[in-house]
S.K.: 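Below is the structure I would like to discuss, written out as structure tokens.
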Amino acid sequence: LSTFGFSFGKAAWRAQNFTVEFLITGSYYLQDSVTNFNGSDYNTTTDKGANGISGVRLTFSNFASAGSSGFRIADDAQW
């Protein structure tokens, strides 16, 4: 099993909604879709193994601060 996670810093920058996708054999697969998250630390475990995952894509929205909209982070080995 492999574990992936991230931490939010300041509460105003915490996304309440986000998706976690893993790049496996050239396609992204949804690992988790979270709504109304109110914590600072997130972790997920997968059985794909470290050798099966070649990238991660994170999409964040609905931030605790009303002035924030959304953003995406992607780590794609094919870039």
S.K.: Might you confirm whether atom CG of N43 has over 12 heavy atoms from other residues, nucleotides or ligands at distances under 6.0 Å?
M.R.: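 More than 12 within 6.0 Å, yes.
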S.K.: Evaluate the side-chain contact (heavy atoms from CB on, under 4.5 Å) criterion for residues V20 and Y42: first the C-alpha distance (whole Å), next the side-chain angles of each, then the deciding distance (0.1 Å), finally the verdict.
M.R.: CA-CA 10 Å; V20 177; Y42 168 83; 3.8 Å; yes
S.K.: Give me the ring orientation class for F6 and F18: parallel if the planes are under 30° apart, tilted from 30 to 60°, perpendicular past 60°.
M.R.: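 Rings of F6 and F18: perpendicular, as their planes differ by over 60°.
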S.K.: How many angstroms lie between OG in S2 and CZ in F4, if you round to the nearest 0.5 Å?
M.R.: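 The CZ atom of F4 is 11.5 Å from OG of S2, to the nearest 0.5 Å.
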S.K.: For a side-chain contact (heavy atoms from CB on, under 4.5 Å) check, start with the C-alpha distance between N17 and F37, then their side-chain angles and the critical distance, and finish with the verdict.
M.R.: CA-CA 6 Å; N17 303 341; F37 185 76; over 6 Å; no
S.K.: Would a distance-only check, ignoring hydrogens and angles, find a side-chain to backbone donor-acceptor pair under 3.5 Å from Q31 to T45?
M.R.: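 Present.
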S.K.: Could you tell me which residues satisfy side chain to side chain contact (heavy atoms under 4.5 Å, CB included) with S40, sequence neighbours excluded, listed by chain and number?
M.R.: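 Expected list: R14.
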S.K.: Is the closest side-chain donor-acceptor distance between D32 and T44 under 3.5 Å?
M.R.: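 There is no such pair (donor and acceptor under 3.5 Å, judged by atom type) between the side chains of D32 and T44.
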S.K.: Can you tell me how far CG of L23 sits from CD of E21, rounded to the nearest 0.5 angstrom?
M.R.: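 CG of L23 is found 10.0 Å from CD of E21.
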S.K.: Closer than 3.5 angstrom, by distance alone: can the side chain of N62 be matched with the main-chain N or O of A15 as a donor-acceptor pair?
M.R.: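 It does not hold such a pair.
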S.K.: Out of curiosity, F8 CZ to Q16 CD, how far, rounded to the nearest 0.5 Å?
M.R.: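 Taking CZ in F8 and CD in Q16, the distance rounds to 9.5 Å.
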S.K.: Which of these, T35, L58, T59, sits in a side-chain contact (heavy atoms from CB on, under 4.5 Å) with T19?
M.R.: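 Result for side-chain contact (heavy atoms from CB on, under 4.5 Å) with T19: T59.
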S.K.: State, to 0.1 Å, how close T46 and F22 come at their nearest heavy-atom pair, and which atoms those are.
M.R.: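 Between these two residues, the closest heavy atoms are CG2-CE1, 3.7 Å.
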